[in-house]
S.K.: 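Please read through the structure below; I'll follow up with questions.
Residue indices begin at 1 and follow the sequence shown. What you see is a predicted model; the values in this text were computed from it and never measured.
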Amino acid sequence: MSDYTGSVIPHRVRDLDERSDSLDLTEAVLATTVTDMERSAQRLGRALVVIVDDRVAQGEQDDSIGPLVTELLEEAGFIVDGSVAVAGETVDIRNALNTAVIGGVDVVITVGGTGVSPRDVTPDATAGVLDRPIPGIAEALRASGLAAGAVDAGVSRGLVGVSGSTLVVNLAGSRSAVRDGMATLTPLVTHVIEQLSGLETA
């Protein structure tokens, strides 16, 4: 009996040790994965969302677009500082953009006010803030919007460009335009931010 007992207990101890080693390894992998995710988010940088909508800015209507853009940015790996709503006034839009640039965000996404009506002044306000336009991205957003059937994205006058070290992007206001625009934008934004980060550290 003693031999049998003596032969079993060491095996159990060894099994427990192996399980302990396995758990330690699993915890180490999880910790590394979380750390990598945190570094990825930090590497992609910070973002701010600006909703251009008179009714939302005046509190007459809930903002349904800001949370969507925030969710898509976070899924892409950005840390979103917040979402602000402004009226369709050139001064208000420009002030919001300047605040974002001064605040050091890596990307600011405006939504709305990119059409051809008298109140659609987001591109006009944005033009006064940009140091360098990036027309290729703006054209890509229009082309993908048309292909996806988002008419407001296809006829958008929206601009894309750099102000200081911040990428500024105008998106049309519909949910379909936002979803399609973000899908087109995300890989391009990552490339631009990497270039801007390289300039800062050069």
S.K.: Roughly how far, to the nearest 0.5 Å, is CG of Leu141 from CG of Leu171?
M.R.: 6.0 Å

S.K.: What distance separates Arg55 CZ from Gln61 CD, expressed to the nearest 0.5 Å?
M.R.: 4.5 Å

S.K.: Are any of the side-chain heavy atoms of Val80 and Arg46 separated by less than 4.5 Å?
M.R.: no

S.K.: Counting distance only, does the side-chain N/O of Arg175 pair as donor-acceptor with the main-chain N or O of Ser64 below 3.5 Å?
M.R.: yes

S.K.: So Val178 and Leu72, side-chain contact (heavy atoms from CB on, under 4.5 Å) or not? Walk me through it.
M.R.: CA-CA 9 Å; Val178 167; Leu72 294 173; 4.1 Å; yes

S.K.: If I compare all heavy atoms of Asp131 with all of Gly164, which pair ends up nearest, and what's the gap?
M.R.: OD2-N, 2.6 Å

S.K.: What are the two closest non-hydrogen atoms of Ser165 and Leu196, and how far apart are they?
M.R.: O-CD1, 3.6 Å

S.K.: May I ask you to test the Ile93-Val50 pair for a side-chain heavy-atom distance under 4.5 Å?
M.R.: no

S.K.: Would you say the side chain of Arg179 lies within less than 4.5 Å of the side chain of Leu68, judging by non-hydrogen atoms?
M.R.: yes

S.K.: Charged N to carboxylate O under 4.0 angstrom, Glu89 versus Arg94?
M.R.: no

S.K.: So, do Val101 and Thr166 sit near enough that their side-chain heavy atoms are less than 4.5 Å apart?
M.R.: yes

S.K.: Measuring from atom CG of Leu130 to atom CG of Leu97, what distance do you get when rounded to the nearest 0.5 angstrom?
M.R.: 8.0 Å

S.K.: Honestly curious: do Val108 and Ile51 fall in one hydrophobic cluster under the side-chain, below-4.5 Å linking rule?
M.R.: no

S.K.: Write down the atom of Ala125, the atom of Val129, and the distance for their closest heavy-atom approach.
M.R.: O-CG2, 3.6 Å

S.K.: When clusters are formed by joining ILVMFWY residues with side-chain heavy atoms under 4.5 Å apart, either directly or through shared neighbours, do Ile134 and Leu188 land in the same one?
M.R.: yes

S.K.: Would you check if the side chain of Asp152 reaches a backbone N or O of Ser174 as a donor-acceptor pair within less than 3.5 Å?
M.R.: yes

S.K.: Do Val169 and Ile137 touch side chain to side chain, with heavy atoms closer than 4.5 Å?
M.R.: no

S.K.: Check Asp106 against Gly45 and note the closest heavy-atom contact, atom names and distance.
M.R.: OD2-CA, 3.1 Å

S.K.: Is the shortest side-chain heavy-atom distance between Ile79 and Glu74 below 4.5 Å?
M.R.: no

S.K.: Would Asn170 and Thr122 count as a side-chain hydrogen bond (donor to acceptor under 3.5 Å, both in side chains) here? Give the steps.
M.R.: CA-CA 7 Å; Asn170 297 155; Thr122 301; 5.9 Å; no

S.K.: Could you measure the distance from the OG1 atom of Thr114 to the CZ atom of Arg142? Nearest 0.5 Å is fine.
M.R.: 9.0 Å

S.K.: First locate atom OG1 of Thr126, then atom CG of Leu159, and finally report the distance between them rounded to the nearest 0.5 Å.
M.R.: 6.0 Å

S.K.: Just by modelled atom types, is the Val121 backbone N or O under 3.5 Å from a matching donor or acceptor in the Arg157 side chain?
M.R.: no

S.K.: Could you check Val111, Val49, Ile65 and say which one makes a side chain to side chain contact (heavy atoms under 4.5 Å, CB included) with Ser83?
M.R.: Val49

S.K.: Do Ile193 and Phe78 make a side-chain contact, defined as non-hydrogen atoms from C-beta onward lying under 4.5 Å apart?
M.R.: yes

S.K.: For Ala76 and Thr186, work out which heavy atoms get closest and say how close.
M.R.: CB-CG2, 3.6 Å

S.K.: Between Asp81 (side chain only) and Leu48 (backbone N and O only), is there a donor and an acceptor less than 3.5 Å apart?
M.R.: no

S.K.: Can you name the nearest heavy-atom pair linking Ala87 to Val52, along with the distance?
M.R.: O-CG1, 4.1 Å

S.K.: Would you say the side-chain atoms of Asp63 pair up with the backbone N or O of Val56, donor to acceptor, closer than 3.5 Å?
M.R.: no

S.K.: Under 4.0 Å between a side-chain nitrogen and a carboxylate oxygen: does that hold for Asp54 and Arg119?
M.R.: yes

S.K.: Of Val160, Val105, Ile109, which is the lone residue that meets side chain to side chain contact (heavy atoms under 4.5 Å, CB included) with Leu167?
M.R.: Val160

S.K.: Using a 4.5 Å cut-off on heavy atoms from C-beta on, say whether the side chain of Val162 contacts that of Val168.
M.R.: no

S.K.: Using modelled atom types only, decide if a donor and an acceptor are shared between the side chain of Asp180 and the backbone of Ala177 within a distance under 3.5 Å.
M.R.: no

